Amino acid sequence: MPKAKTAYVCSDCGAEYPMWQGQCEACGAWNTLSAFVVQPAKAAAAGGARNAGYAGRTDAPRVQPLAAVAGEIEARHLVRIGELDRVLGGGLVEGSVVLVGGDPGIGKSTLLLQALAALGERLPGLYVSGEESLAQIAARGHRLGLLLDPIKALAETCVERILEQAVLEKPRVLAVDSIQTLWTETLPAAPGTVSQVRESAARLVRFAKETGTCVFLVGHVTKEGGIAGPRVLEHMVDAVLYFEGETGSRFRVLRAFKNRFGAVNELGVFAMGDKGLREVPNPSAIFLSAHAQPTAGSAVMVTREGTRPLLVEVQALVDQSSLGNPRRVALGLEQNRLAMLLAVLHRHGNAAVYDQDVFVNVVGGIRVQETAADLPVLLAVLSSFRDKPLPEKTVAFGEVGLSGEIRPVPNGEERLKEAAQHGFRRAIVPKANAPKKSSRIGELEVIAVERLREAIDAAFAAN
Ligand code: TYD
Ligand code: MG
């Protein structure tokens, strides 16, 4: 029998090496390589023999003209939790594997239990837990007032035994909580190690594809933001949903990080209460903090993550630094982008913030990844720096270029409509995003700008 080989896999990016080394060459991370036992495939006895074997097989895949292949439209089932369906891309696809990641305690187990209950008789579910006892899960279900009748549960961590039960029970949806607790008999490594997580997930993916069962995998997230265990999990599954939220806030955002069956960055918003997760179907207003008066250091933007525009508040605090190397801290935004924006502000906005500590935060614990946040971030920073609030009912969005130009962003009109609908009066936007015919949308006055300087003048002109 061929011997098992050992490979070394980076837990951040999934790159593989034949020998251990201190730094991953692919992503530059240090100390992330760990041993992974590669089982030799049974058929891999000898390359020549394998090829010969294929030629004699009658069921071997054949090359076909792609046009002659009948395309299949994937079968979808609505979970009937609207925000979850939205993030899944319009319901759960048969045979798909969905990884739900998030910090411990964010509500992953609650979400899956509620999803299985909502699917009910239509798609009977099997909830496999390696973390909680069945009594704990049942107690939660009863407390939330869920209809538990169609749901079966199993407390087990060995993949082989889980699959044995799944083959017997034939659930249409299998929820595994969590992938980090699973282990397979074929590997000697301990549960939670890279090789166990990867191999266990591979088994479940194969099961999903062979039987058409929908599989939900829960994954814990490391401090660095990756799903613990190898990033390779993200390549193996059909969709990766991250559950995010601020500590202390009851709002939770489910974000599609990858989705083979829908838009990425689609957001679903939930509120965690004593009856579990409740949908927030019209979430725009929750990401604005309620200021009684205009406050310095705050700017409202219209972001469009996924397919829905959202009003989001950006807050900045700029303060004289006592350090030689002032701090730049961005929460909910990209750190490097903030450094770049501050340089542009210095050069093209005539604001000397190089000796200031700058802290920027997106209200509500949501993460804004698009460049439309550039302009509102700079306006918030400038407003704090000058200690001058932006005028009331003002929104802004736009990408800021290195030479101080304001660049357009996608779906400008839709963003403006959202702002108008929520009672905003002025919008400072890239020229190409302003409506051609009129400078108003309802009550909303649209101010089109081409350069950062113009945007700053427009924003602070009224006070
Ligand atoms: P849980 O789903 O166990 O999180 P995860 O599986 O991601 O670790 O959720 C646990 C948290 O949610 C816990 O801090 C309590 C809170 N919670 C509520 O506030 N209300 C509820 O109805 C439930 C079920 C949980
Ligand atoms: Mg849990």
Side-chain angles (χ1 to χ4, degrees), residues 79-84 87-88 97-120 125-148 151-157 159 162 173-183 191-192 196-197 200-201 204 215-229 233-234 237 239-257 267-280 283 286 364-367:
V79 181
R80 297 194 189 152
I81 299 178
E83 293 292 289
L84 177 60
V87 179
L88 287 170
V97 183
V98 179
L99 179 64
V100 180
D103 290 321
I106 197 88
K108 301 181 293 296
S109 307
T110 309
L111 179 70
L112 287 195
L113 194 62
Q114 286 187 230
L116 290 192
L119 284 163
L126 173 61
Y127 188 103
V128 179
S129 180
E131 307 205 327
E132 293 163 296
S133 67
L134 295 189
Q136 277 173 310
I137 299 165
R140 176 190 289 149
H142 289 306
R143 199 167 52 74
L144 300 185
L146 299 177
L147 196 64
L148 296 181
I151 309 178
K152 303 240 168 90
L154 170 72
E156 179 59 73
T157 53
V159 187
I162 291 172
V173 187
L174 178 66
V176 179
D177 189 0
S178 67
I179 187 70
Q180 273 100 3
T181 58
L182 295 197
W183 59 284
Q196 286 286 10
V197 167
S200 305
L204 291 166
V215 174
F216 280 108
L217 302 176
V218 168
H220 295 294
V221 165
T222 58
K223 279 203 202 71
E224 293 76 36
I227 302 249
L233 272 190
E234 290 171 0
V237 300
V240 180
L241 314 182
Y242 276 106
F243 217 12
E244 309 167 337
E246 239 172 21
T247 34
S249 157
R250 63 197 180 93
F251 291 112
R252 303 279 185 272
V253 177
L254 188 66
R255 176 195 291 273
F257 173 80
L267 297 184
V269 184
F270 297 90
M272 178 65 98
D274 53 356
K275 281 273 167 272
L277 291 161
R278 191 173 46 77
E279 289 176 61
V280 183
I286 65 172
I366 89 160
R367 210 169 288 166

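Numbering of ligands and ligand atoms starts at 1, following listing order. Please read these numbers as outputs of a predicted model, since none were measured by experiment.
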Any side-chain heavy atom of [X] sitting closer than 4.5 Å to one from [Y]?
{"X": "Leu111", "Y": "Leu254", "answer": "yes"}
{"X": "Leu182", "Y": "Val128", "answer": "no"}
{"X": "Leu112", "Y": "Ser109", "answer": "no"}
{"X": "Arg367", "Y": "Val253", "answer": "no"}

Show, in sequence, the C-alpha distance, side-chain angles and deciding distance for Arg252 and Glu83, and conclude whether the side-chain contact (heavy atoms from CB on, under 4.5 Å) test is met.
CA-CA 11 Å; Arg252 303 279 185 272; Glu83 293 292 289; over 6 Å; no

Just how far is it from atom CG of Leu84 to atom CZ of Phe270, taken to the nearest 0.5 Å?
5.5 Å

Could you name all protein N, O or S atoms found under 2.8 Å from the Mg ion (ligand 2)?
Ser109 OG

Output, or 'none' if empty, a list of ligand 1-protein atom pairs in which both atoms are N or O and the distance is under 3.5 Å, rounded to 0.1 Å.
{"from": "ligand 1", "atom 1": "2 (O)", "to": "Ser109", "atom 2": "N", "distance (Å)": "3.3"}
{"from": "ligand 1", "atom 1": "2 (O)", "to": "Thr110", "atom 2": "N", "distance (Å)": "2.8"}
{"from": "ligand 1", "atom 1": "2 (O)", "to": "Thr110", "atom 2": "OG1", "distance (Å)": "2.5"}
{"from": "ligand 1", "atom 1": "3 (O)", "to": "Arg140", "atom 2": "NH2", "distance (Å)": "3.0"}
{"from": "ligand 1", "atom 1": "4 (O)", "to": "Gly107", "atom 2": "N", "distance (Å)": "3.1"}
{"from": "ligand 1", "atom 1": "6 (O)", "to": "Ser109", "atom 2": "N", "distance (Å)": "2.9"}
{"from": "ligand 1", "atom 1": "6 (O)", "to": "Ser109", "atom 2": "OG", "distance (Å)": "2.6"}
{"from": "ligand 1", "atom 1": "7 (O)", "to": "Ile106", "atom 2": "N", "distance (Å)": "3.4"}
{"from": "ligand 1", "atom 1": "7 (O)", "to": "Gly107", "atom 2": "N", "distance (Å)": "3.0"}
{"from": "ligand 1", "atom 1": "7 (O)", "to": "Lys108", "atom 2": "N", "distance (Å)": "2.8"}
{"from": "ligand 1", "atom 1": "7 (O)", "to": "Lys108", "atom 2": "NZ", "distance (Å)": "2.9"}
{"from": "ligand 1", "atom 1": "8 (O)", "to": "Gly105", "atom 2": "N", "distance (Å)": "2.7"}
{"from": "ligand 1", "atom 1": "20 (N)", "to": "Gly273", "atom 2": "O", "distance (Å)": "2.7"}
{"from": "ligand 1", "atom 1": "22 (O)", "to": "Gly273", "atom 2": "O", "distance (Å)": "3.3"}
{"from": "ligand 1", "atom 1": "22 (O)", "to": "Gly276", "atom 2": "N", "distance (Å)": "3.0"}

Could you pull out the closest heavy-atom pair between Thr157 and Gly130, with the gap in Å?
CG2-CA, 3.6 Å

So, using side chain to side chain donor-acceptor pair (under 3.5 Å) as the criterion, who are the partners of Lys152 when residues are at least two apart?
Glu169

Sorted by chain and number, sequence neighbours left out, side chain to side chain contact (heavy atoms under 4.5 Å, CB included) with Thr110 holds for Gln114, Arg140, Leu144, Met272, Leu277

